[in-house]
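Notes for the one structure printed next.
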Amino acid sequence: MSRWHELTGGTSGREYAARFAAVARGGKDVHGEARFCAALVPAGARVLDAGCGTGRVMIRLAELGYDCVGVDLDASMLAVAREQAPELPWFQADLAAFEPRRLGIAADFDLVVAAGNILPLLAAGTEAAVVRRLAAVLRPGGLLVAGFGLDEAHLPVPPGISLPEYDDCCAAAGLTLVDRFATWDADPYEGGGYAVSVHRGPTA
């Protein structure tokens, strides 16, 4: 069972969406992740939103002209995503066993984004398998972008995977670190409890 399911029971989709809706109504930007990704690949690129949740990031990327696919294990989150954007492709799947062909999806993404503390909220011990699965769906030279908390102040659960451990998972999957930031606004990373990492797959 994932840490996310242990935390929420798999029933928090509407509550999660309502929280971000309230933030947006308060005038705060809720599209930092989409803006970050849009700066890395041109419009029209194929993007996999791994752990897409209620679809906040993917829906914005689709509005910006990206060819998006969303995957999540939480049915309550996907139900909200499908209500908000029924025209977009949403799939329920465990990232640790993700096989695009079984879902009729081509494994040729220019970018995979894992936002919203996906890595620390996985089932313990599956992090390397998930990174390997996500790396496998990238086109040559494609990018894996992951932002997640590293301490209790930035996580709803006790800290899980560290940055060195994440980098080791990426290296084992053939990915190379390109850059690391402290926020989705691309502030420089100088240590701290949150990091956004960009890794690139092999070009051939």
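Start at 1 with the first residue, then count along the sequence. Computed from a prediction, not measured in an experiment: that's the story for all the values here.
- The other members of the hydrophobic cluster of Leu88, by chain and number, are Met58, Ile59, Leu78, Trp90 (side-chain heavy atoms under 4.5 Å, ILVMFWY only).
- Checking Asn117 against His154 by side-chain atom types alone, no donor-acceptor pair falls below 3.5 Å.
- At distances below 3.5 Å, at least one donor-acceptor pair connects side-chain atoms of Asp72 with backbone N or O atoms of Cys52.
- A salt bridge links Asp67 and Arg46; the closest N-O separation between the charged side-chain nitrogens and carboxylate oxygens is under 4.0 Å.
- A donor-acceptor contact under 3.5 angstrom links the side chains of Arg180 and Ser197, judged on distance only.
- Note that the CG atom of Leu177 and the OH atom of Tyr166 stand 9.0 Å from one another [nearest 0.5 Å].
- Residues Glu99 and Arg133 are paired through a salt bridge, judged by an N-O separation under 4.0 Å between the basic side chain and the carboxylate.
- A distance of 7.5 Å separates CG in Leu144 from NE2 in His199, rounded to the nearest 0.5 Å.
- With hydrophobic clusters built from ILVMFWY side chains whose heavy atoms lie under 4.5 angstrom apart, Leu150 shares a cluster with Leu119.
- More than 12 heavy atoms of other residues, nucleotides or ligands sit less than 6.0 Å from atom CD of Glu165.
- In this structure a side-chain-to-backbone donor-acceptor pair under 3.5 Å is present from Tyr66 to Ala38.
- No hydrogens or angles considered: a donor-acceptor pair under 3.5 Å links the side chains of Asp74 and Ser76.
- In terms of modelled atom types and a separation under 3.5 Å, the side chain of Asp185 and the main chain of Asp187 share no donor-acceptor contact.
- Remark: side-chain polar atoms of Glu33 are not paired, donor with acceptor, to backbone N or O of Ala115 under 3.5 angstrom.
- Judged by distance alone, with hydrogens and angles left aside, the side-chain atoms of Asp108 form no donor-acceptor pair with the main-chain N or O of Arg139 at under 3.5 Å.
- Partner of Phe148 under the side chain to side chain contact (heavy atoms under 4.5 Å, CB included) criterion, out of Leu155, Val196, Leu121, Ile161: Ile161 alone.
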